[in-house]
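Every heavy atom of this structure was used, including side-chain atoms; hydrogens, water molecules and symmetry mates were not.
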Amino acid sequence: VQLQASGGGLVQAGGSLRLSCAASGSTISTYNMGWFRQAPGKEREFVGGIRWSGNTYGTDSSVKGRFTFSRDNAKNTVALQMNSLKPEDTAVYYCAAGSKTKILSTLLNSGGYDYWGQGTQVTVSS
């Protein structure tokens with residue numbers, strides 16, 4: 001599975017961005033899809049994900065109520081809608097695909113994913 005993330009950019013605090021992750025080479029319908037981010041000088045962190053079944057999981061408390069995860073299996077894409085953005089949301093955002101057989105605990109960290117997109121930069125100015 002090849003993943004291509006897009007939609008990042010520069011936005012003012014309080015604004016919105018919608019990230020997309022397009023898959024090719026295989027259908028994502030049998031994959032759990034996660035979103036991670038990595039800020040400068042920090043480790044990559046899990047933001048949240050959406051199960052192959054459509055249920056979301058593991059939404060980080062720092063983004064709960066502001067970020068929404070969705071998927072369109074027919075289009076082989078997943079999306080991350082980010083509202084009320086804050087400067088601390090500034091990071092490179094990555095999408096990742098993990099087998100549907102992975103249990104929840106493994107999906108909360110990078111080890112639960114088999115395929116990664118290249119990342120898209122999100123910069124939120126104050």
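- For the ring-ring contact (aromatic ring centres under 6.0 Å, His included) test, no residue two or more places apart in sequence or in another chain qualifies with Y93.
- Taking T56 as the reference, I50, F69 meet the side-chain contact (heavy atoms from CB on, under 4.5 Å) condition, with sequence neighbours excluded.
- The disulfide bond (SG atoms under 2.5 Å apart) analysis of residues 27-75, with sequence neighbours excluded, yields no pairs.
- In this structure a side-chain-to-backbone donor-acceptor pair under 3.5 Å is present from K102 to G112.
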Give the table of side-chain donor-acceptor pairs shorter than 3.5 Å for residues 17-27, with sequence neighbours excluded, one pair per line with atom names and distance.
unit_1, atom_1, unit_2, atom_2, d
R18, NH1, Q81, OE1, 3.3
T27, OG1, S29, N, 3.1
T27, OG1, S29, OG, 3.0

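- Among pairs with a residue in residues 39-49, those fulfilling salt bridge (Lys or Arg N to Asp or Glu O under 4.0 Å) read R37-E45, at least two apart in sequence or across chains.
- Pairs of residues two or more places apart, or lying in two chains, never qualify as disulfide bond (SG atoms under 2.5 Å apart) while including a residue from residues 28-64.
- Sequence neighbours left out, not one pair with a member in residues 24-94 passes disulfide bond (SG atoms under 2.5 Å apart).
- Through side-chain heavy atoms spaced under 4.5 Å, either directly or across other Ile, Leu, Val, Met, Phe, Trp or Tyr residues, W52 is tied to no other residue.
- Scanning for ring-ring contact (aromatic ring centres under 6.0 Å, His included) contacts around F46 gives F36, Y57, with sequence neighbours left out.
- Every pair passing salt bridge (Lys or Arg N to Asp or Glu O under 4.0 Å) that includes a residue from residues 66-82 is listed here, sequence neighbours excluded: R66-D89.
- Legend: disulfide bond (SG atoms under 2.5 Å apart) pairs involving residues 43-75, not counting sequence neighbours: none detected.
- Contacts of S53 classified as side-chain contact (heavy atoms from CB on, under 4.5 Å), with partners at least two apart in sequence or in another chain: R51, N55.
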